[in-house]
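Single-structure report; data block below.
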Amino acid sequence: RTSSKRITSIRPVIQLDGSQAFKIALDTDYSNKTLTATNHTITGLADGSAWDDPAWDDGIWAGDATPNVLWLGQTALGRNFSLRVEASVTGQNVSWLVTDYLGEIGGPR
C-alpha cells in the first residue's frame, strides 16, 4: 500500500455454463467516482452435448464447465485496486473464482 502501481491486465477467472456478456471496471484508491465499464464476453469451455439433446447412443455428454483464464487489457494507476463485475444472467450457473492482476510496481507516492 505504500508504493504506486500500474495495472496493465486483469484476469477474472469466471466459470460458467455458456457464454455471457460482462461489464468490467477497475477502480483505484477507494474513489467515489463513476466508473466506465468495458464490455467483455466470457465463454465457459464445456465440450459435449446438453442433457437429452442428441440421441442417447450417439451423443457425447458434456463435462464440467472449464473456467475462463483469458487476460483482459485494463490500465489503472494507484496504490489500491478493486474490480467491479456486472452481468445479467438467466438460465446458467456463474462462479467468480479469483481475479489475477498483472502490473508494475512504482515508487512511493
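Everything numeric here is computed off the predicted structure, so don't read it as measured data.
- Under the 4.5 Å side-chain heavy-atom criterion for ILVMFWY residues, a single connected hydrophobic cluster contains both L16 and V89.
- Closest non-hydrogen pair, A87 versus A21, comes out as CB-O, 3.7 Å.
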Derivation and outcome, side chain to side chain contact (heavy atoms under 4.5 Å, CB included), residues F22 and L72: CA-CA 12 Å; F22 289 88; L72 306 174; over 6 Å; no
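- Q74 is linked by a side chain to side chain donor-acceptor pair (under 3.5 Å) to nothing, counting only residues two or more places apart in sequence or in another chain.
- For the atom pair OG of S4 and CG of D29, the computed distance is 9.5 Å after rounding to the nearest 0.5 Å.
- A donor-acceptor pair under 3.5 Å links the side-chain atoms of Q20 to the main chain of S88, judged by distance alone.
- Within the model, atoms CD1 of I14 and CD1 of I42 stand 4.0 Å from one another, a figure rounded to the nearest 0.5 Å.
- For the atom pair N68 CG and H40 NE2, the distance stands at 11.0 Å (nearest 0.5 Å).
- Qualifying side-chain contact (heavy atoms from CB on, under 4.5 Å) partners for N93, counting only residues two or more places apart in sequence or in other chains: D17.
- Distance check, rounded to the nearest 0.5 Å: OG1 of T38 to CD1 of I24 gives 8.0 Å.
- Taking both residues in full, the closest heavy atoms of A37 and K23 are given as CB-CB, 3.7 Å, listed atom of the first, atom of the second, then distance.
- When all heavy atoms of L97 and P67 are compared, the closest pair comes out as CD1-CG, 3.8 Å.
- Between atom CZ of residue F81 and atom NZ of residue K5 there is a gap of 6.0 Å, rounded to the nearest 0.5 Å.
- From W71, atom CH2 reaches atom OG1 of T8 across 8.0 Å, with rounding to the nearest 0.5 Å.
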Audit row: T28, L77, side chain to side chain contact (heavy atoms under 4.5 Å, CB included) steps and yes/no: CA-CA 7 Å; T28 60; L77 296 170; over 6 Å; no
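- No single ILVMFWY cluster, assembled from side-chain heavy atoms under 4.5 Å apart, contains both V13 and L83.
- Pairs engaging residues 95-104 under the salt bridge (Lys or Arg N to Asp or Glu O under 4.0 Å) rule: R6-E104, R11-D100 [sequence neighbours left out].
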